Colleague: 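Let me begin by handing over the structure; questions about it come next.
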2 protein chains.
Amino acid sequence: MAVYLQVLEELEAEGEEIISSSKLAQLCGVNPSQIRKDLAYFGEFGVRGVGYYVTDLKESIKHFLGLDKTWNCAIVGIGNLGRALINHRAIKDKGYRIVGAFDWDPFKIGEKVGDLEIICTRRLKEKAKELNIQIGIITTPPNRAQRAANHIVEAGIKAILNFSPTRISVPDDVIVDYVEFSRYLIYLSFKLIHG
Amino acid sequence: MAVYLQVLEELEAEGEEIISSSKLAQLCGVNPSQIRKDLAYFGEFGVRGVGYYVTDLKESIKHFLGLDKTWNCAIVGIGNLGRALINHRAIKDKGYRIVGAFDWDPFKIGEKVGDLEIICTRRLKEKAKELNIQIGIITTPPNRAQRAANHIVEAGIKAILNFSPTRISVPDDVIVDYVEFSRYLIYLSFKLIHG
DNA sequence: CTCACATTGAGAAAAAATTCACAAACCAAA
DNA sequence: TTTGGTTTGTGAATTTTTTCTCAATGTGAG
Ligand SMILES: NC(=O)c1ccc[n+]([C@@H]2O[C@H](COP(=O)([O-])OP(=O)(O)OC[C@H]3O[C@@H](n4cnc5c(N)ncnc54)[C@H](O)[C@@H]3O)[C@@H](O)[C@H]2O)c1
Ligand SMILES: NC(=O)c1ccc[n+]([C@@H]2O[C@H](COP(=O)([O-])OP(=O)(O)OC[C@H]3O[C@@H](n4cnc5c(N)ncnc54)[C@H](O)[C@@H]3O)[C@@H](O)[C@H]2O)c1
């Protein structure tokens, strides 16, 4: 679904107004029926004999994926990785905004990263309300990840993305996802061996 | 498959010697038959009436995934993200070693990151041979990604992991994978909306 | 308005993946 | 050696996913 969205955005940028499922399928590298089934799943967007209106369809998918709102994120642990994420522009275009940078280290507090000021993790709860933070991102060292998670949960945030290579435990109503860099490397080396 | 491996490693660390498909299935959150099918796919490892020998099975999966060798990687673009990846310990345990740090910026060349010295991108070809580099990792700004890719291809490296948010074009015999941070955020926000 | 053409939406068919079920194989104890 | 209790490996059954097909519907020309 995210692939369709990306292709649709490219088409829109090229000025295309209408696209047929077969053309879109070709661009996405899938079967035309696949596309029609997927799109029909959450509403009827096509026009028989014509195709799909690129902009309308794009908006519908965005709405379905929740990309028509902006989502506010906080980063906890402002080391190399935290900074890289704050500076990463690509996510802003998709409607995710990093609105808070938190760290435990007293020497870092007050320091500027981009146009964010690093804030003490203890103030996360207070700031989460103020900034309406919906997603917490953990980029602390592994042995601090659980502590960071606790702060995020405490602040009432219901979604966590954890970059540190440790499992964290949280209440059932909090969604956690893990980023594992090694996954990509395993894929590549596997391909190198097995074609 | 990578999940089985992780669970097996945990089991080995706990001193377990034998595991049945049903126990392993439980730990991985899948069906026992699933496990037996998957394992039977690349050889007969189990012992009827007994189960699977944890260590043997772990080794076999590692071999199958190519994780019994060490893979040498080079990072091209030593900014925040590049540094974060170099310092990231978790991948070393899986057999991936970052043996080269390359950057274009003359002011960075010679600088130390961890125990690596930053080398000029122009020397990539020469160093790739010397260090037997098999995987190239791009962490340059987006507008430099293609140039970095060209250097990597030129150096005879056949696998590329691209962190910059741009598509790159390479010859057919080079494998490319893309890391898109936004994928994880989309997953989280989608879950927040749709349960 | 009618006709020729294009394309969707959805049910039918095909393919793929998952799960079930059980014979074959193994171990341990008697 | 035989017996009883396990657990794998695999063919069959089931479920899910993907693809095919075509009636229904829209467009635009005449
Ligand atoms: N998942 C991946 O793909 C991936 C890739 C690279 C790095 N990593 C991991 O990301 C983590 C961070 O990497 P890095 O290079 O930025 O490390 P780093 O040491 O540069 O930064 C860690 C930061 O966390 C702060 N911190 C420590 N305890 C804290 C706490 N309780 N609350 C708030 N902040 C706290 C530190 O002050 C420091 O600024 C590491 O665990 C690393 O292994 C993951
Ligand atoms: N995929 C993801 O999930 C993700 C996450 C965060 C950042 N990023 C992306 O990663 C990239 C790097 O981020 P960063 O924060 O480290 O940026 P940065 O600006 O700190 O570092 C970029 C480095 O690349 C070097 N460089 C530029 N041109 C080069 C060339 N031709 N050859 C070799 N080196 C070259 C620069 O000298 C600099 O050191 C950005 O494109 C960013 O958008 C991706």
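Letters A, B, ... are given to chains in the order of the sequence lines, protein chains preceding strands, and every chain is numbered from 1. Note that this is a predicted model, so its numbers are computed, not measured.
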Colleague: Could you tell me whether Ser22(B) contacts a base, only the sugar-phosphate backbone, or nothing, with contacts defined as non-hydrogen atoms closer than 4.0 Å?
Modeller: nothing

Colleague: May I ask you to evaluate whether Tyr52(A) reaches the phosphate of dG9(C), defined as a side-chain N or O under 4.0 Å from OP1 or OP2?
Modeller: yes

Colleague: Mind calculating the distance between CD1 (Ile35(A)) and P (dG9(C)) to the nearest angstrom?
Modeller: 12 Å

Colleague: Nearest to the Glu44(A) side chain among dT8(C), dT7(D), dG9(C), which nucleotide is it?
Modeller: dG9(C)

Colleague: Give Tyr41(B) one of three labels, base, sugar-phosphate or nothing, depending on what nucleic acid heavy atoms sit under 4.0 Å from its own.
Modeller: nothing

Colleague: What are the two closest heavy atoms between Ile18(B) and Gly51(B), and how far apart are they?
Modeller: CG2-CA, 4.4 Å

Colleague: Looking at the side chain of Arg48(B), which of dG9(C), dT8(D), dT19(C) is the nearest nucleotide?
Modeller: dT8(D)

Colleague: In whole angstrom, what separates Arg36(A)'s CZ from dC22(D)'s P?
Modeller: 13 Å

Colleague: In whole angstrom, give the distance that lies between atom NZ of Lys37(B) and atom P of dC22(C).
Modeller: 15 Å

Colleague: Grab the CG-P distance between Asp38(B) and dT19(C) for me, whole Å please.
Modeller: 11 Å

Colleague: When you measure from the side-chain N and O atoms of Ser21(B) to the phosphate of dT8(D), is any distance below 4.0 Å, counting only OP1 and OP2?
Modeller: yes

Colleague: dC20(D) phosphate, OP1 or OP2: any side-chain N/O from Ser33(A) under 4.0 angstrom?
Modeller: no

Colleague: Whole Å only: how far is the CG atom of Asp56(B) from the P atom of dT8(D)?
Modeller: 15 Å

Colleague: Output yes when at least one side-chain N/O atom of Gln34(B) is less than 4.0 Å from OP1 or OP2 of dA17(C), else no.
Modeller: no

Colleague: Please check if any side-chain donor atom of Tyr178(B) sits under 3.5 Å from a side-chain acceptor atom of Ser164(B), or the reverse.
Modeller: no

Colleague: Looking only at non-hydrogen atoms, find the nearest pair between Leu188(B) and Ile175(A) and report the distance.
Modeller: CD2-CG2, 3.7 Å

Colleague: Rounded to whole angstroms, how far apart are CD1 on Ile18(B) and P on dT6(D)?
Modeller: 15 Å

Colleague: Both Val50(B) and Val30(B) contact DNA chain C. Which one's nearest nucleotide lies toward the 5' end?
Modeller: Val30(B)

Colleague: Examine Arg123(B) relative to Phe102(B) and say whether NZ or CZ is less than 6.0 Å from the centre of the six-membered ring and inside a 45° cone about the ring axis.
Modeller: no

